[in-house]
Asker: 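Take this structure first; my questions come after.
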Amino acid sequence: MTTQRVLPQSKETLLQNYNKRLKDDIRSIMDNFTEIIKTAKIEDETQVSRPTQAEQDHYEMHVRAANIVRAGESLMKLVSDLKQFLILNDFPSVNDAISLQNQQLRSLQEECDKKLMSLRDEIAIDLYELEEEYYSSSQWDSTDLPLCEAYRRRDSWASANSSNSSTHGEREDVDGPPSQETNPQHHLNGHGTASVEKP
Amino acid sequence: MANDRLRALEDVEKEIAMVLQCAGNIVLELSKDKHNASFMDRQLIQFQNSVSRVENELSGQIRYLTQVATGQPHEGSTYSARKDCQMALNRAEYAKVKLGELGRTCEVMLEQQQQQQT
């Protein structure tokens, strides 16, 4: 309860501080500028001699100009603080930004999946024709494994190799089953890159 | 909406620079022997307008923040949507890899057939 009261008060205090800084800086700029203009007015000689008065006016103008620049710098810092406060605490705009980003990402994901689905449908037709061609070609032997079985065994060997290579650091087990060497066409026709790339 | 407010604050920064520049131009003109009165009037009007614009804009921003600011941190995130999108891109990449393998397999078969025919 006490903690909840502290946080809003700090935000309120911060914003009141921002208001105060704004008012003070604007007032400083206006007052100092007005005084510079007043000091620039040529007046009749007073008790102070002219060079002394000129020196005094010169110094005063320097100080007031420096005050104006300081107030301008302070206003720039205030703007920077307001930008930071806005980014962190402007919940409506943060919510809008998050929902917009989510919408864009979801639309990209849906488009990607839609294209993959259409690609799947097209590839299924082509694969059917490829399989027809393969099974009716002279390269296929009736004793060979079906493509699906060859593919399944290749995946199981690949997973076994990844677990063995982590312990042995070699790939000799890749050529484990002897049928792979005698009938390289299983992998060549099903998954040619596996046997072509191996040493 | 957030970009509009941030852009407005950037314009305020430019106005502050304009305030200082106008003040400097006026003092510079006053330092000359012969003053250009019309130039000084223009600079003075621009100085006053810029100062009032800066004050009004910053007051408006502070007033808006007083209304919308809470003491709590924002807990929204785009992580789930970003993760789903990343997985979709990974699926597409995987499909591309597999299609590449299929293409190479077909090329190897064609080469073999050509060799057998020759």
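The structure displayed is predicted, hence computed values, not measured ones. Chain naming here is simple, since letters A, B, ... match the order of the sequence lines and numbering starts at 1 in each.
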Asker: What I'd like to find out is whether the side chain of B:E10 reaches to under 4.5 Å of the side chain of A:V79, using heavy atoms alone.
Answerer: no
Asker: By a 4.5 Å heavy-atom criterion (distance strictly below it), what part of A:L116 contacts chain B: side chain, backbone, both, or neither?
Answerer: side chain
Asker: Could you tell me which portion of A:L22 (side chain, backbone, both or neither) has an atom closer than 4.5 angstrom to a non-hydrogen atom of chain B?
Answerer: side chain
Asker: Is it the backbone or the side chain of B:V12 that comes under 4.5 Å from a heavy atom of chain A, or both, or neither?
Answerer: side chain
Asker: Given that the side chain runs from C-beta out, which part of A:N95 has a heavy atom under 4.5 Å from chain B: side chain, backbone, both or neither?
Answerer: both
Asker: Measuring heavy-atom distances to chain B, does A:I36 have an atom under 4.5 Å in its side chain, in its backbone, in both, or in neither?
Answerer: side chain
Asker: To the nearest 0.5 Å, tell me how far B:Q67 CD sits from A:L15 CG.
Answerer: 11.0 Å
Asker: Could you look at A:F33 and say if it's the side chain, the backbone, both or neither that has a heavy atom under 4.5 Å from chain B?
Answerer: side chain
Asker: Under 4.5 Å from any heavy atom of chain A, what part of B:L58 do you find: side chain, backbone, both or neither?
Answerer: both
Asker: Below 4.5 Å from any heavy atom of chain B, which atoms of A:M61 appear? Answer side chain, backbone, both or neither.
Answerer: neither
Asker: Check the pair B:L65 / A:L86 against side chain to side chain contact (heavy atoms under 4.5 Å, CB included), numbers first and verdict last.
Answerer: CA-CA 7 Å; B:L65 285 171; A:L86 197 68; 3.5 Å; yes
Asker: Any chance you could measure B:M109, atom CE, to A:L130, atom CG, to the nearest 0.5 Å?
Answerer: 8.5 Å
Asker: Side chain to side chain contact (heavy atoms under 4.5 Å, CB included) between B:S80 and A:R106: does it pass, once the steps are laid out?
Answerer: CA-CA 10 Å; B:S80 67; A:R106 286 211 179 92; 4.2 Å; yes
Asker: If I measure from the heavy atoms of chain B, does A:I68 come under 4.5 Å with its side chain, its backbone, both, or neither?
Answerer: both
Asker: In terms of heavy-atom proximity below 4.5 Å to chain A, should B:S31 be classed as side chain, backbone, both, or neither?
Answerer: neither
Asker: B:A23 versus chain A, heavy atoms under 4.5 Å apart: side chain, backbone, both or neither?
Answerer: both
Asker: In terms of heavy-atom pairs under 4.5 Å, which option from B:L99, B:V51, B:I62 contacts chain A the most?
Answerer: B:I62
Asker: Under 4.5 Å from any heavy atom of chain A, what part of B:I16 do you find: side chain, backbone, both or neither?
Answerer: side chain
Asker: Taking all non-hydrogen atoms of both residues into account, name the closest pair between B:P73 and A:F91 and its distance.
Answerer: C-CZ, 3.9 Å
Asker: Where on A:K23 is there a heavy atom nearer than 4.5 Å to chain B: the side chain, the backbone, both, or neither?
Answerer: side chain
Asker: Can you tell which part of B:Q86 gets under 4.5 Å to a heavy atom of chain A, answering side chain, backbone, both or neither?
Answerer: neither
Asker: Roughly how far, to the nearest 0.5 Å, is the CD atom of B:Q48 from the CE atom of A:M30?
Answerer: 6.0 Å
Asker: Nearest 0.5 angstrom please: A:I87 CD1 to B:R5 CZ, how far?
Answerer: 13.5 Å
Asker: Show the nearest heavy-atom pair for residues B:Y64 and A:P92, with the distance to one decimal.
Answerer: OH-CG, 4.0 Å
Asker: Could you give the distance from CG (A:N102) to CG (B:D84), rounded to the nearest 0.5 Å?
Answerer: 9.5 Å
Asker: Please step through side chain to side chain contact (heavy atoms under 4.5 Å, CB included) for the pair A:K83 and B:L6, ending with a clear verdict.
Answerer: CA-CA 6 Å; A:K83 278 186 190 175; B:L6 289 172; 4.0 Å; yes
Asker: Need one label for A:N19: side chain, backbone, both or neither, based on atoms under 4.5 Å from any heavy atom in chain B.
Answerer: both
Asker: By a 4.5 Å heavy-atom criterion (distance strictly below it), what part of B:Q61 contacts chain A: side chain, backbone, both, or neither?
Answerer: side chain
